[in-house]
Peer 1: 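Below you will find the structure I want to go over with you.
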Amino acid sequence: DGVTDGEDGKMHKKQRPICIVMGNEDRGISDEMRELADETFYLPMCGFAESFNLSVATAITLAYMSAVSTRAGDENSYDLRGPLRPGDLDSHELQCLRLRGVLNSLAQRRMGKALLKKEGIVLPKSFFNF
């Protein structure tokens with residue numbers, strides 16, 4: 001994890017892709033995965049609970065990562081202290097991802113496809129394979 005001198009004169013960690021592997025409540029991650037990891041962490045707890053469920057642990061982790069990667073200044077400027085960075089999806093990919101999210105949120109997936117077809121919008125079958 002080298003450090004670079006940014007244009008603003010501050011020191012920043014080199015940006016690199018991150019993969020977060022979350023283990024289950026009972027066994028955590030496998031020994032093999034732990035050996036492959038560059039870093040590991042745990043979420044400290046207090047109170048009577050023995051563990052966070054996976055969705056809560058993931059939400060806490062991502063909220064923390066987001067908080068330490070806060071926006072600084074205008075909407076296109078990010079403080080580089082934290083690990084999260086703006087994505088590199090082009091506009092088309094982003095809109096497709098959003099549409100898939102909306103379609104997935106419908107109680108009946110077929111309804112979304114039918115509504116789009118009614119409006120004259122026909123998407124390739126591969127779009128619905130998610």
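Throughout, residue positions are numbered sequentially from 1 according to the sequence presented.
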Peer 1: Determine whether more than 12 heavy atoms belonging to other residues, nucleotides or ligands lie under 6.0 Å from atom CE of Met45.
Peer 2: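 Counting neighbours around CE of Met45, more than 12 heavy atoms of other residues, nucleotides or ligands fall under 6.0 Å, so yes.
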Peer 1: Is there a side chain to side chain contact (heavy atoms under 4.5 Å, CB included) between Val21 and Leu36 once you walk through the steps?
Peer 2: CA-CA 11 Å; Val21 177; Leu36 292 170; over 6 Å; no
Peer 1: Nearest 0.5 Å please: distance from the CD1 atom of Ile29 over to the CD atom of Glu35.
Peer 2: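 Rounded to the nearest 0.5 Å, the CD1-CD separation comes out at 10.0 Å.
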Peer 1: I'd like to know if the side chain of Glu93 reaches the main chain of Asp90, judged simply by a donor and an acceptor atom lying under 3.5 Å from each other, with no hydrogens or angles considered.
Peer 2: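 A pair under 3.5 Å: yes.
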Peer 1: Any chance you could measure Arg100, atom CZ, to Leu123, atom CG, to the nearest 0.5 Å?
Peer 2: 9.5 Å
Peer 1: Side chains of Leu106 and Gln108: closer than 4.5 Å at any heavy-atom pair?
Peer 2: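 Answer no - side chains too far apart.
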Peer 1: Only counting residues at least two apart or in another chain, list the ones meeting side-chain hydrogen bond (donor to acceptor under 3.5 Å, both in side chains) with Ser55.
Peer 2: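 Result, side-chain hydrogen bond (donor to acceptor under 3.5 Å, both in side chains) vs Ser55: Asn53.
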Peer 1: Nearest 0.5 Å please: distance from the CE atom of Met111 over to the NZ atom of Lys118.
Peer 2: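 The distance works out to 10.0 Å.
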Peer 1: Once side-chain contact (heavy atoms from CB on, under 4.5 Å) is applied, do any residues pair with Pro44, and if so which ones, sequence neighbours excluded?
Peer 2: Tyr42
Peer 1: Should Leu99 and Leu115 be counted in the same cluster of Ile, Leu, Val, Met, Phe, Trp and Tyr side chains packed under 4.5 Å apart?
Peer 2: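 Hydrophobic grouping puts Leu99 apart from Leu115.
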Peer 1: Which residues satisfy the side-chain contact (heavy atoms from CB on, under 4.5 Å) test with Thr61, sequence neighbours excluded?
Peer 2: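 Residues passing side-chain contact (heavy atoms from CB on, under 4.5 Å) with Thr61: Ile20, Met22, Phe41, Leu43, Met65.
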